[in-house]
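Input: a single structure, listed below in C-alpha cells.
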Protein chains: 2
Amino acid sequence: DFHHPHQLLDGIEGFSLEITGEAESLEQILVDCRDTLKYGVKTGHPRFFNQLSSGLDIISLAADWLTSTANTNMFTYEIAPVFTLMEDVVIRRMCSIIGWEDGEGIFSPGGSINNLYAVIMARHYVMPEVKYDGMRGFPELVMFQSKHILQSKLAGKVPFYVTATAGTTVIGAFDKIPEISGICKKYGVWLHVDAAWGGAVMMSQKHRHLVTGIELADSVTWNPHKMMGVVLQCSALLTRHKVLVTAVMYDVINLLPIVMSCLVLSRHSDVRNTSQGILESCNEMNADYLFQQDKHYDVTYDTGDKTIQCGRHVDVFKLWLAWRAKGDAGFEKHVDRCIELSRYLVRKIRKTRGFELVNPEPEYANVCFWYFPPCIRNLSDETIKHEKLNKVAPLIKSRMMENGTIMIGYQPLGSKVNFFRNIVSNPAVDYDDIDFIITEIERLGRDI
Amino acid sequence: DFHHPHQLLDGIEGFSLEITGEAESLEQILVDCRDTLKYGVKTGHPRFFNQLSSGLDIISLAADWLTSTANTNMFTYEIAPVFTLMEDVVIRRMCSIIGWEDGEGIFSPGGSINNLYAVIMARHYVMPEVKYDGMRGFPELVMFQSKHILQSKLAGKVPFYVTATAGTTVIGAFDKIPEISGICKKYGVWLHVDAAWGGAVMMSQKHRHLVTGIELADSVTWNPHKMMGVVLQCSALLTRHKVLVTAVMYDVINLLPIVMSCLVLSRHSDVRNTSQGILESCNEMNADYLFQQDKHYDVTYDTGDKTIQCGRHVDVFKLWLAWRAKGDAGFEKHVDRCIELSRYLVRKIRKTRGFELVNPEPEYANVCFWYFPPCIRNLSDETIKHEKLNKVAPLIKSRMMENGTIMIGYQPLGSKVNFFRNIVSNPAVDYDDIDFIITEIERLGRDI
C-alpha cells in the first residue's frame, strides 16, 4: 500500500504525523501505533528481498523488548552488570569462531561506525602519539580498500590500513584474505576485514571457506543483524589485539612501518600501557567524572573507556538470547538455507528467457541480474539497448512498490547499468517465493 | 541484590551466561529472560538517582517495542516511509522550539556522536575542501570548550568551533550563550551548544531562561532520553543551516575566518551545492549503489546521505509517540517537577548537619554534595580531612549497592574530592524518596 511522501504528510484516512503540542487521548495513541505499522513497510514479509537485513526473528525481538524494559546503558558494570558480562562472553565466542585464541571487541551502532573504530585502532597501532599531538607532525597515512592495494611507490606516505571485504553489499563477493594478509604482513600494515554481511558464513561448515584466512586479520566487523537475523541493530567490532604487546614504529627513512617487539618510547606514559586492550588505549579519555576507578568492584568490565561514545545502547542481549535458543546449528542451518534458495534463483534465471545474471557464479546470498523486457531483447544497437535497460529496473521497482507484492533492490555498478540485486536472509522465504520473483518481474515488466 | 563480576560469571542459582553452542529449550530461554531482568539494575526505580537517564516511560517503551517489531532502518523513505517523515516532523518541531525558523537534523546514537557531527559540520562550513583534500594543506584548526575561549593570539591557528554546554554532566551548569555567541560572531566561528542534558528546559516556561540565546547557536545536541524520559536511545542533532547559502572563507593573511555572502570557489562542483542541507553536503558519499536517485518518489526524505552511518536505528518514534501522548504541557510539568524535587533536596541538605553543598545554588536537577561522617567533622587538619572525605562517597556507594536500597553517583571534579551527585529525572520520584536520600546516607555512613 504505497504512498508518496506528500500523501502521508497531508494525512491519509485520519493518520496525521503532526505534533500539535496538545496531549492526545490514549485511544488516539493506540490508533497512532496501529497506523504507524499499517503505513510502514513489512520488512519481515517473505517477499521483501530489498535489504541485507530482513525477516523478524521472534527470539531476538523478545530480547529487544526486554532490553527496552531494562532501559540501561552499556558504559558501566554498575548499571548493566548482566549486559556488560554478556557482551564479554559473546565477544569471546565470536573471536574464537574467527580463530583467535584471545581478543576483545564491542557492539557499536552499525558497520560504518565499527569500520571507523578499526581505522582509529590501526592508526593508534602505528602512531600512538597522534592521539595527543595530532597528525601534523607525522608522515601522511594512506589506507587501501579491497583489491586496490598499491604496489607502486607511495611518495612519502605511510600505508597503515587495508580493508578487505567479506561479502560486498551488491555482488556478495569475498576478497581473498590470505593474499591480502601476505602483503599487509610484509609492510606491517593493519588488516581489517569488513565481514558485516559475510561474517555469518563462519557459522556454516559448507560455506566457511569463503572467509578462509579471516584469522589473519587484525580486526573484523561482523553484523549479526544481517544474515544472522537478529533484529536491528546488532553489529560487533572484534580485534585480536586484546593486549598491545607488540608495538610498531615507522621507519622515517623508508617511510614504512616496522614491526618491533619493543615499546615505542613516548613522553605520554599511557600511550603504551601493555595491561590495557587496544580499544581502551586508543579511545580512553580518563574522564574520572564519568568512569571512576575507586569503585568496590572489579572495573575491568566497565566498557565506557573503550568507546568513542559515552552512552551505548544494549545490543548484545538480542544476539545472546538468539544464540542460546538456536545454538550454532540453528545459525548454520539458516545460512545454508538462504544460500541454497539463492542458488535455486540462479538456476531459474539461467533457464528463463529475458533474464541474465550479472555475475555468472554468485558465491553468497546476493543474486544480481537484469531483466530484458521483450521490446528491447532484439535491439542490435548495444548503446541504445543499455540506455533502455538502465530504466527497466527502476520502472519495475516502482511498479513493485505501487502493487505492494514484492520488493527487490536495484543499482548500477561501475559500467554496469541498473540491475536487480536479490537478497535472501529471511528464514520465512520458501521456494515458491523465489518462483514468484521471476513470474512477478515478468508480469510487471513485459509491457515495457 | 549486588553481585561481583566473578560471581555472575561463575553462575548464580543456575543462571549461566555461557554460550555452549547447543540450543536451549524454550523453557530455559524464558528463565534466561527472567534472570536477566532479576540480576540487572532497576534503572526505573524511584530511588535510582545514579544517571542522567532514569525512569521507565510506558508510552515510549511501547513505541520502542513497536520499533523493534517494525525492524527497519532509517536510511530510505522506501523502507521506512512513516519513520523518515516522523523524523522530519519532530526535527522541525525541535528547531522551532529552539527558536529557528528553519533547520534540519537527525537522530544519532547519542550525544557524543552528535557532537562529532557538529565538529564535522563546522569544519565543512569553514573549509569544505577538507572533505576531498584532507587537512594537510590548510592552517591548523582549533576548537574551544565552554568558557575556555582563548582571547590571546592563536599562533597561526584557525579557531573554527566553540562548544557551550547547557547542563554540564556533574554540576548541571549552563554556559552564558549570548556572551559566547558574541565572541563567535566576531571571529566567524561555529557555535555548538551541547544541550544533551539541559535541552529539556526549553519545554519549561519557568526554566527556559537557563538557555537564553540558544537560538544564536549554529547547532545543538539535545537528548530526549535524558530529562525528557524517553527510553534509551534518543538523541538529536539540530542545525539552523538547512541550506548552506552563506559561505565562510578563511583569510590566509590574518588566519581568521571571514563570513562572506558569496560561494567558495572550488574545483569540487558539489562542495557548495546550495540546494543541499549542510548535513548532506558534508557527509554524502554519492554511493549510488546504496542511495539511488532515479526512484519514482521524492527522494529528499531519504536520510542516508546525511549521516556518517549507513544503517541507522529508528529512534524517533519513541519521542514522537511520547510527545503526542503528553503534549508540550506534559514535558513541562515533568521538567518543573524534577527541578522542584531537586530544590527540595537542596533545602534539606542546607539544614542537615554533616551535609554540605558543592555548588551553593544549583540551577538544574543536579545536586552535588558531600557527606561528612561524624568522625571527620571536627578534624582540624584540612589536608587529612579531605583525604578522608575523598573515601567517604565511594565507601557509602559500595554500601548502597550491597544493600540495594538506593543508588547515587559520585565523582571528584578538579580540586574537589569525591562528592555525591544526585539526579532527579524520573517521574516516579516523590518527596519521601528525597527524604530517604538523607536518612539512608546517614544510616550507611555514620559509623565510618
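Keep in mind that what you see is a predicted model, and the values were worked out from it rather than measured. By convention in this document, chain letters (A, B, ...) are assigned in the order of the sequence lines, proteins followed by strands, and residues within each chain are numbered from 1.
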### Message
Nearest 0.5 angstrom please: B:His225 NE2 to B:Leu232 CG, how far?
### Response
5.5 Å
#### Entry: Which portion of A:Val231 sits near chain B, non-hydrogen atoms under 4.5 angstrom
both
### Task
State which residues pass side-chain hydrogen bond (donor to acceptor under 3.5 Å, both in side chains) with A:Asp32; sequence neighbours excluded, sorted by chain then number.
A:Gln28, B:Arg324
### Leading residue by heavy atom contact count with chain A [cutoff under 4.5 Å; candidates B:Tyr289, B:Trp65, B:Tyr297, B:Phe331]
B:Trp65
### Message
Given heavy-atom pairs under 4.5 angstrom as the criterion, report whether the side chain, backbone, both or neither of B:Ser16 touches chain A.
### Response
both
### Message
Please classify the contact between A:Thr69 and chain B as side chain, backbone, both or neither, with a heavy-atom cut-off of under 4.5 Å.
### Response
both
### Query
Given a strict heavy-atom distance threshold of 4.5 Å, which part of A:Tyr301 is in contact with chain B: side chain, backbone, both, or neither?
side chain
### Query
Under a 4.5 Å heavy-atom cut-off, does chain B meet the side chain of A:Glu140, its backbone, both or neither?
both
### Message
Run the ring pair (Phe, Tyr, Trp, His ring centres under 6.0 Å) test on A:Phe419 and A:Tyr410 for me, step by step, so that the C-alpha distance in whole Å, both residues' side-chain angles and the decisive distance to 0.1 Å come before the verdict.
### Response
CA-CA 5 Å; A:Phe419 54 85; A:Tyr410 73 85; 9.3 Å; no
### Message
Listing request: all salt bridge (charged side-chain N to carboxylate O under 4.0 Å, His left out) pairs with a residue in residues 78-87 of chain B, at least two apart in sequence or in separate chains.
### Response
A:Lys397-B:Glu78, B:Glu78-B:Lys295, B:Glu87-B:Arg312
### A:Met407 portion near chain B, given a 4.5 angstrom heavy-atom threshold
side chain
### Task
For the residue pair B:Phe2 and A:Tyr77, categorise the inter-ring angle as parallel (less than 30°), tilted (30 to 60°) or perpendicular (more than 60°).
perpendicular
### Residue A:Leu290 versus chain B: region with a heavy atom under 4.5 Å
side chain
### Message
Quick check for you: among B:Gly55, B:Ser53, B:Ser68, which has the greatest number of heavy-atom pairs under 4.5 Å with chain A?
### Response
B:Ser68
### Message
Quick check for you: to the nearest 0.5 Å, what is the distance between B:Asn115 atom CG and A:Ile308 atom CD1?
### Response
12.0 Å
